[in-house]
Structures are given as structure tokens and as C-alpha cells.
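To find a chain, count down the sequence lines: A is the first, B the second, and so on, and within it residues start at 1.
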2 protein chains.
Amino acid sequence: MNVGEVAALAGVTVRTLHHYDRIGLLSPSGRTAAGYRRYSAADLDRLHQVLLYRELGFPLEEVATLLDDPSADPAEHLRRQHRLLRDRLERTQAMVAAVEKEMEARQMGISLTPQERFEVFGEHDPEQYEAEVQERWGDTDAYRESSRRSAAYTKEDWVRIKAEGEDLMERMAAALRAGVAPDSAQAMDLAEEHRQQITGNFYDCPPEMHAALGRMYVEDERFTATYENVAPGLAQWVSTAVQANAARQG
Amino acid sequence: MNVGEVAALAGVTVRTLHHYDRIGLLSPSGRTAAGYRRYSAADLDRLHQVLLYRELGFPLEEVATLLDDPSADPAEHLRRQHRLLRDRLERTQAMVAAVEKEMEARQMGISLTPQERFEVFGEHDPEQYEAEVQERWGDTDAYRESSRRSAAYTKEDWVRIKAEGEDLMERMAAALRAGVAPDSAQAMDLAEEHRQQITGNFYDCPPEMHAALGRMYVEDERFTATYENVAPGLAQWVSTAVQANAARQG
DNA sequence: GCACAGCCTGACGTCGCGTCAGGGTCAAGC
DNA sequence: GCTTGACCCTGACGCGACGTCAGGCTGTGC
């Protein structure tokens, strides 16, 4: 195959292939009399490896040493790629969860600390800056309160959404006080309404995602506090209802 | 907060913050008398947004226009980030699946086409090279079908498929050890079962294609090794049986 | 008052290509 | 046999997003 064909097949530019040739990362196994690059099936194979490692963030020089390592058979590359991809999957999931948490926090009128927000980036020691931040941003509650107000009163939409959320939470609290079991149909309906509210106002939230969110309500003290503030035991009640609803749907 | 502290908190270098200041992407809201950069909570907020969009592959200039767009409220950024992250999640999952597919294929002695391997990269026009693929790699429909079916496979499917394959191989080895002739009806039945297995699990494999596959078992050392590992002489035995079966059917 | 960590502003280097410029090649059609 | 247009070649410069000094000012603890 010629460069153009390979480029189109692999989804890269011709210039990229030229570059890889120049730096010795991927030199086509043949040339025509006129000097045209000719790529063999083995070359395509190598290109595939190159692109995978590149996608995983390796600098090209490192990719070359990896692929030229004679002690590494293809299966080893597959295993490594698999491991790295799964790492990445985990990280992306963590980031998705972080964004969802932030959305949820906004809806509930609480604001996360900078530490929480940056948690998903780089693996620094979470303890390290905690004291300092406390000192600088003052009492975290006050800081949150100020953020809450500014966030709550800027947009009208926001007010409506928040009102809907509070209305639902009130009805959930009422159900709890009335002794409705969290795994009853009525509780699950309320949970489903909660899911619909998220889906309608924020992002598509399938049942499993909702279940994960529900777990957060009891695991994260700030969410717990918000619910407990409305009615004691509500966090656990909602969490159970949400998960029961997810199980019902799944 | 000073640059160094912000840098440590956010997991970036001081130089990066200098850079963001220089290009006007993130200028700290204050400076000390000595010219030290001082970052406020709002600056951290913006930095967080910047890092998220950067992670998602946006060039910095575009990040600036996104964040400076007065018509986009925070919730809109969250929704966009959420959408993009979920896209990325899907893509990564597809890549993981592709690597797993390659691993399983290797173990089963089936090798994938370059097209299948590159599928996960860039969204090139699938029609574009169809003719060429047809010419070079054989029947397109068969390969497309293979991709289609494989795409839907879960991990359990793979386990099952692999187990079926191993079971059949074991019975073939037993037949070989029992002295069953490779061109006997019994051997041909086993070969036919092999063909059905491919057709059921991967792609429609008519007898002629199966015969070609059979030839590969002795011609390609990778396939040969897989079979010979189970029982000496098995590669040749299977190859003969497969071709006898194809002749019987044709 | 001094050591030493931390901050500043240039300014040049690097990586992974993008993007011309200037020129040869190849298959098709007239 | 000649043109046309798509494709290929090799420089060579440009660019984005920083890394990495260099040379000098600042702020804090002993």
C-alpha cells in the first residue's frame, strides 16, 4: 500500500507517516523505483501498535524502544495496552463521577472545595494542603454558603430547578415520616422521579448511574448532611430507594 | 495562594500557570507589591475548568473562548464536559474491547484484518476503502459480519466461545490419538463442527473459505504452533480433515 | 543579617506534527 | 504520444504547549 492509502486506513495524515519514517519509528519495508513508500501488512501491524501507544500518551521515542524491545512479544504488548487502557477507563470514570458529583452538588445548593475538584487530576497527597486551605478560605461552611448564594441567585432557571429538587425532597421526607418503606413501590416512584429530574435538567442518568449516585448520598458526609437536615434518616432512605428503583428497572 | 501552591494543588507546574497568564487564559486576580501572583478561589475555579477542557483535548485558545463566553453558564459547561467525558468513556471501552478481542483471537488462533484493528481509530469513511479491502483481504461481507458480531460480545461470550473452541480441539486431538483417519467421516464431522462454530460465532464461513483456513493451519507457523501444542500432528490432521470436509460438501 | 526556598521575567529548546514550496510519477483519456 | 490531475517526494519553516535554564528580586526562620 502507498502512504495515502495507509494514512486513510489508519486515520492519520501522510505527513505523520513521513514523520514516523524520518524518526525511524516506522519505516516502510519497501520503496518503489521512483521512491514511493510501500507499506506491507507487517508495517500496518506496527503502525497499529504505534497508534495505540501514542493514544496512551507515550512519547514516540519511547514507543520505538517499546516496540523494538526484542524481549517483548506481541502478547506482552497486548497485556500492557490492556492494563493501560483499563487505567484510563478508571480515570475517565472517576472524572465522569466528579462532574456528576459537581452537578448534583450544584442542584442541592452546596459547593465543593477546590481540593475535591482537583482530586481527579494528578495524584497528590490529599492531606497536604488541607490545613492550609482551611486557613485561607476560612471556615469551609461560610465559604460554601457564599458560593451557594451566588450560584443560587444568578439564574432563574437555576431557581426553578432548585425548587423542583426541594419539592421532591420534601415529598420524600414526608413519605419517610409517614413510614413508607424505602423499598416500597411508592418510594421507588419517588426515586424514579428523582432520576427523571436529573435526566431532564442535567444529563442522561440511567439506573445504574443513579444507583452509584445513591451510594454517594450516604458515603459523602456533605450530601448526607443536606438530606439529614431535611429529615433525620432521609439520606439512607433516599439511597435505599434509589438503589431499589435501579434494581427494579435493571 | 501563590503560584507554587496552586500548582501543587492542581497538579500542574508553575511554568504552566505562567504560560496561562501570559496567553491570557488564566490571569491571577491579584498581585502582591513585589509582583507575586495571587490566586483567588474564583481563579482556582477557572483553573479547574481549564484543566478539564484541556484534558478533553481542546486547544487552549478554544478553552479561553469557551470560558469567556458570557452566554454559557457553569451548568452548561458541566453538561458539555459530561457529554464529552462520556464520549471518551465509550471510546476507551471500545479500545479495551478491541484489545480483548485481539487477545482472544490470538488464543484461538484467529488473526484479525488490519481494517478491524484500525476500526477503533478515527472515524474514516467505511465505504471508502471497501473495494480495496475486498480485493486484498477477501469477502467484505464476511469480515463486516465478523466485526458486527464481535462488537456485541461480552466477556462471558468470549469465555464461552473460547471454551467451545477448546472443547472441540480436545475432541479432535482425542480422535487423532485414537487413530481416526483425517479423511474419515468422523474427522470430517468434527471439521464441519469447526466450520459451524466459526459461522455461528464470527462470520459466515462457507466450505471453500474453510478449506483456505485449513491450509493456513499448516502454512502459518502461529496456527501450527497452537495446534501442535495440543497434540503433535494435530495441525496437519485438522487441515486435512477440513479440506476433506470441504471437498465432500462442494 | 544571612541562608535558602520561592517568586519574577526573558529567552531558547522540544515534541509532534501542519503547512507550504518546488518538483517528480502514474494511470486515464483524448 | 501528450496532457491532465491525483498522488508522491524532500526540504524547510511554523506552531502549540509547555520544559528548562539564566539572572535577579523577595520573604522567612534562625
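Contact annotation: the side chain of H82(B) approaches that of R86(B) to within less than 4.5 Å [non-hydrogen atoms, C-beta and beyond]. You'll find the side chain of D69(B) stays beyond 4.5 Å of the side chain of E76(B), heavy atoms only.
Counting to the nearest Å, the P atom of dT25(C) and the CZ atom of R38(A) are 16 Å from each other. What separates CG of N2(B) from C1' of dT28(D) is a distance of 13 Å, to the nearest Å. Look at CG on L60(A): it is 8 Å from C1' on dC15(C), rounded to the nearest Å. Distance F58(B) CZ to dG16(D) P: 17 Å, rounded to the nearest Å. Rounded to a whole Å, the CG atom of L17(B) is 10 Å from the P atom of dC18(D). Between the NE2 atom of H19(A) and the C1' atom of dC20(C) there is a distance of 18 Å, given to the nearest Å. Between R22(A) atom CZ and dC15(C) atom P there is a gap of 15 Å when expressed in whole angstrom units. For E62(A) and dC15(C), the CD to P distance is 12 Å, given to the nearest whole Å.
If you check the side chains of N2(B) and R37(B), you find no donor sitting under 3.5 Å from an acceptor. No side-chain donor from either of T92(B) and T92(A) sits under 3.5 Å from a side-chain acceptor of the other.
Distances shorter than 4.0 Å separate none of the side-chain N or O atoms of H18(B) from OP1 or OP2 on dC18(D). A sub-4.0 Å separation between OP1 or OP2 of dC17(C) and a side-chain N or O of Y20(A) is present. When the side-chain nitrogen and oxygen atoms of T13(B) are compared with OP1 and OP2 of dG19(D), one or more of them lie within a distance under 4.0 Å. The phosphate of dT9(C) has OP1 or OP2 within less than 4.0 Å of a side-chain N or O from R37(B). Residue R15(B) has no polar side-chain atom (N or O) positioned under 4.0 Å from OP1 or OP2 of dG13(C). Proximity of T16(B) to the phosphate of dG19(D): a side-chain N or O atom is located under 4.0 Å from OP1 or OP2.
Each of E61(A) and A33(A) was assigned the nucleotide of DNA chain C with the nearest heavy atom; the assignment lying further toward the 5' end belongs to E61(A). Between V14(A) and A34(A), the residue whose closest nucleotide on DNA chain C is further toward the 5' end is V14(A).
The base of dG24(C) is paired with the side chain of Y36(A) by a donor and an acceptor separated by under 3.5 Å.
In terms of modelled atom types and a separation under 3.5 Å, the side chain of T65(B) and the main chain of E62(B) share a donor-acceptor contact.
Between R31(A) and D21(A), at least one side-chain nitrogen of the basic residue sits less than 4.0 Å from a carboxylate oxygen of the acidic one, meeting the salt-bridge criterion.
Each of Q81(B), R54(B), H77(B) was compared with Q49(B) under the side-chain hydrogen bond (donor to acceptor under 3.5 Å, both in side chains) criterion, and only Q81(B) meets it.
Listed by residue number, there are no residues of residues 46-55 of chain B with a heavy-atom contact under 4.0 Å to DNA chain C.
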